[in-house]
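Read through the structure below, which is laid out as structure tokens, and then see the notes.
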Amino acid sequence: MITLTDQPFDPAEALCDFEKRAIGAGAIVSFTGLVRGTSKLGTVKTLHLQAYSPMTERGMAKAAADANARWPLDALLIIHRTGDLEPGEPVVYVATASTHRRAAFEAADFLMDYLKTEAVFWKKETTDSGAHWVEPRPEDYEDRDRWSKTGT
Amino acid sequence: MITLTDQPFDPAEALCDFEKRAIGAGAIVSFTGLVRGTSKLGTVKTLHLQAYSPMTERGMAKAAADANARWPLDALLIIHRTGDLEPGEPVVYVATASTHRRAAFEAADFLMDYLKTEAVFWKKETTDSGAHWVEPRPEDYEDRDRWSKTGT
Amino acid sequence: MAKLLYFGRLTDVFGANAETLALPAEVNDTSALRQWLDDDRQLGGTLMTKSIRIAVNDDIVPEPWPIADSDEIAFLPPVGGG
Amino acid sequence: MAKLLYFGRLTDVFGANAETLALPAEVNDTSALRQWLDDDRQLGGTLMTKSIRIAVNDDIVPEPWPIADSDEIAFLPPVGGG
């Protein structure tokens with residue numbers, strides 16, 4: 001299940017709903033990404049997230065399908081914000097459920113790497129020293145490359 | 001923060017509280033372990049968890065300290081049940097918060113491997129075909145061994 | 001008329017998310033569009049970098065890719081959410 | 001009197017979590033205790049396996065480890081929670 005929303009959401013509520021869907025799974029891993037209060041450029045005032053619908057949704061659906069093909073998942077959830085966010089607000093929430101603990105961990109990790117480097121979003125951070133667009137760091141691309149399948 | 005309890009708990013509530021403690025962290029990973037409804041031996045009726053206090057608590061505190069020494073964590077939470085549980089009930093909840101997504105994932109994964117293979121608990125599963133004590137699987141020990149530091 | 005969309009830092013470069021305009025007759029593929037638009041707005045090569053990808057009618061295309069005056073053409077700087 | 005604690009499957013083997021008893025004079029380390037108790041209860045070697053560890057006064061000990069009649073001695077089959 002994938003949700004793109006310009007409204008605030010509550011990760012605890014999302015986990016509660018997800019648990020109901022995932023009954024019988026055994027293992028649930030969840031990731032919450034929150035807007036940080038500080039960045040290299042100072043104190044963060046707002047983070048603006050821009051998407052390109054329906055390309056953004058289509059890419060997220062593809063990543064979810066890839067995760068389902070790769071790991072035996074009982075359920076999967078992605079919630080991603082757009083619009084203007086304040087420090088401490090959730091930007092992204094990913095949850096995975098499986099019989100196997102390892103599968104749940106790896107699938108959540110994989111989805112986050114996708115979201116950080118390939119999901120169709122652009123982020124503009126406004127700090128007390130001005131505004132700038134944030135692009136993925138080299139480490140983000142390295143993290144993503146852990147999942148590339150060579151020769152298959 | 002480590003809690004050993006013979007009372008049911010709510011992972012969603014735990015995540016909500018944890019987020020308040022972890023404000024500013026950026027990345028929160030959580031793991032929920034639920035009692036499965038079926039096992040190799042049939043339909044599960046109850047799972048009984050036995051601990052040896054204070055050895056159990058001491059071991060969990062040591063694992064938490066190890067995680068804090070190894071990864072830059074802003075907060076960490078472990079809740080573990082004892083007593084009699086029914087299918088679908090949460091057995092264990094682990095949450096980690098960090099500025100770094102990778103650190104939060106790895107620390108949660110590490111703590112779960114500890115809890116599965118080294119935490120001082122014994123589990124008795126009662127199914128429709130009888131009762132038996134469950135010990136870690138070979139895969140659980142392999143998962144744990146990923147974290148061993150050689151030569152340091 | 002073609003619809004051009006500008007994302008990420010290009011929103012600031014163009015001072016807009018989107019504009020609708022008539023493409024000159026000789027601008028018939030994405031390479032020609034990058035060059036013409038960069039020159040027209042005096043962007044000094046901003047649109048010429050490979051890190052900016054182009055989507056035509058909602059699909060990222062290998063370039064050069066043919067374009068028509070009825071297309072929706074989006075300029076996409078490096079993406080990343082979360 | 002020594003307090004003996006039985007965990008995991010040993011709870012079923014002994015039919016109890018714990019018992020308090022006087023150790024025979026010659027049972028003065030963990031190896032002697034394993035042997036004596038296994039014989040006494042006719043367990044056929046159940047207590048002799050290395051996978052059962054022993055804790056003396058709440059600490060897992062390397063064996064053989066000296067024991068006294070006032071100790072709390074716990075028999076621990078392979079652990080694992082979660």
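Options B:His48, B:Gln50, B:Met112 differ in how many heavy-atom pairs under 4.5 Å they form with chain D, and the most are formed by B:Gln50. For the set D:Asp12, D:Ile60, D:Asn17, D:Leu76, the entry with the most heavy-atom pairs within less than 4.5 Å of chain B is D:Asp12.
For D:Glu26, the CD atom sits in a packed shell: over 12 heavy atoms of surrounding residues, nucleotides or ligands are nearer than 6.0 Å. Crowding of D:Glu19 atom CD: a count of heavy atoms from other residues, nucleotides or ligands under 6.0 Å exceeding 12. Within 6.0 Å of CZ on D:Arg53 lie no more than 12 heavy atoms contributed by other residues, nucleotides or ligands. Other residues, nucleotides and ligands contribute more than 12 heavy atoms inside 6.0 Å of the CH2 atom of D:Trp36.
The distance from atom CG of D:Asp59 to atom CE of B:Met55, rounded to the nearest 0.5 Å, is 6.0 Å.
Using a 4.5 Å cut-off between heavy atoms, B:Pro54 touches chain D through backbone and side chain atoms alike. Residue contact with chain D, scored on non-hydrogen atoms closer than 4.5 Å, is absent for B:Arg81.
With B:His80 contributing its side chain and D:Gly82 its backbone, the two residues share a donor-acceptor pair below 3.5 Å.
Residues of residues 121-139 of chain B that come closer than 4.5 Å to chain D, counting heavy atoms only, are B:Phe121, B:Trp122, B:Lys123, B:Lys124, B:Trp133, B:Glu135, B:Pro136, ordered by residue number. Among residues 94-110 of chain B, no residue has any heavy atom closer than 4.5 Å to a heavy atom of chain D.
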Evaluation steps, side-chain contact (heavy atoms from CB on, under 4.5 Å), between D:Val79 and B:Tyr52
CA-CA 10 Å; D:Val79 296; B:Tyr52 179 21; over 6 Å; no
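The salt bridge (charged side-chain N to carboxylate O under 4.0 Å, His left out) pairs that include a residue from residues 17-31 of chain B number zero, where partners must be two or more places apart or lie in different chains.
Residues satisfying the salt bridge (Lys or Arg N to Asp or Glu O under 4.0 Å) test with D:Lys3, not counting sequence neighbours, are none.
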